[in-house]
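Heads up: the structure comes next, in structure tokens.
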Amino acid sequence: MGGLKDRYIRFDWAIKRLLRQKANFDVLEGFLTVFIGEEVKIVEILESEGNQQTPDDKFNRVDIKARNSKGEIILVEVQNTSELYYLERILYGVAKAITEHIHLGDTYKEVKKVYSISILYFDIGKGADYLYVGQNKFIGVHTNDQLVITAKEKGVLVQKSPAEIFPEYILVRVNEFDKVAVTPLEEWVAYLKSGVIKENTTAPGLQEARKKLQYYSMTDAERYAYDEHLNAVMIQNDVLGNAREEGLAEGRAEGRAEGRAEAKKDIVKSMLSNGLSVEQAAKYSGLTVEEVESIK
């Protein structure tokens, strides 16, 4: 029974429903402190979707958007399934966050640094590591040195790296983690992958998670909704995986653009027949809603 009592809620569920509550900020602050590499204090949780300015504008789809005590914006997103143009989407999300939080008439001094943290449960590409960080640096073409700029803070001139100003992207490739968890970072990734939290953990946020994210602390209705969420994730991954394999096999056999187009149609049909909505099929196939509708 001890194993059942130690069952913890998946992070993707917790981040959508529990970690927005101020009482649970300590779990989220611990997570951010470990992945960003400095102590993070959350001041507020912000609206998590960008407002649509025009009919064809895109949503800034993130699971949590928070502001820390330094006024910086932190975006956290959990992605369970593969998505075409994922990097382009998080770039758009960061750009949206920057422009939403500066007002007409403000000076550029008001532009705040944005952190974008993506927890990925799909294979985004080739790479040997489970954690990748993207920062902007200006490198001398002939000298190979890094440019340091002069800025003014509180009336004093200071030296700053462009990386302190430009957005920072953190990609956590959860499925690539295969180590014995020793460091706080490794313990967090182990929890993200398997739901396991060490009893004697000292990683920021995880001791709090042991108390607040227990499966059996939820009501019967909450547990039912949570179990249905897990089932939906597994079914969705199964459907997409099988459909993708079928599509790839057909594409290889055909060896033509027409074959790839037909393969994509088969993928979409498989998604729809297995219960995915038109919008979900459009999202995961890269087609428009209208194109998916025409395939039905």
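No hydrogens, no waters, no symmetry mates; every other heavy atom, side chains included, goes into these values. The model shown is predicted, which means the values in this text are computed figures rather than measured ones.
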Heavy-atom pair of closest approach, residues Pro167 and Asn136: O-OD1, 4.0 Å
Row check, Tyr86 ring normal vs Arg173 NZ/CZ: under 6.0 Å, within 45°: no
Closest contact, heavy atoms only, Ile42 versus Glu29: N-OE2, 2.9 Å
Trace of the side chain to side chain donor-acceptor pair (under 3.5 Å) decision for Gln159 with Thr150: CA-CA 5 Å; Gln159 300 294 307; Thr150 302; 3.2 Å; yes
Atom of Tyr130, atom of Leu185 and distance for their closest heavy-atom approach: OH-CD2, 4.1 Å
Interatomic spacing from CD1 in Ile45 to CG in Asn24 - rounded to 0.5 Å: 10.5 Å
Lys212 side chain to Leu19 backbone, donor-acceptor under 3.5 Å: no
Verdict with supporting geometry, Glu38 and Lys70, side chain to side chain contact (heavy atoms under 4.5 Å, CB included): CA-CA 12 Å; Glu38 62 180 64; Lys70 295 161 66 175; 2.8 Å; yes
From Gln146 atom CD to Asn144 atom CG, the distance as rounded to the nearest 0.5 Å: 8.5 Å
Ser82 side chain vs Phe122 backbone, donor-acceptor pair below 3.5 Å: no
Glu293 side-chain N/O to Val289 backbone N/O, donor-acceptor pair under 3.5 Å: no
Rounded distance (nearest 0.5 Å) linking atom NZ of Lys198 with atom CZ of Arg210: 12.0 Å
CD on Glu100 to NE2 on His103, rounded to 0.5 Å: 10.0 Å
Closest heavy-atom pair and its distance - Ala66, Leu46: C-CD1, 4.2 Å
No-hydrogen, no-angle side-chain donor-acceptor test under 3.5 Å, Arg10 and Asn80: yes
Glu187 and Thr201: side chain donor to acceptor below 3.5 Å: yes
Side-chain donor/acceptor of Ser118 to backbone N/O of Leu120, under 3.5 Å: no
Inter-residue atom distance Ile74.CD1 - Lys65.NZ, 0.5 Å rounding: 12.5 Å
Pairing of Glu77 and Arg89 as salt bridge, 4.0 angstrom limit: yes
Whether over 12 other heavy atoms sit under 6.0 Å from Asp145 CG: yes
Ring centre gap for Tyr169 and Tyr115 strictly below 6.0 Å: no
Rounded distance [0.5 Å steps], CZ in Arg67 versus CD in Glu72: 11.0 Å
Tyr85 ring center near Tyr92 ring center (under 6.0 Å): no
Hydrophobic cluster identity match, Phe35 and Val133, side-chain contacts under 4.5 Å: yes
Electrostatic pair Lys113:Glu164 at N-O distance under 4.0 angstrom: no
Aromatic ring proximity Phe177/Trp188, centre distance under 6.0 Å: no
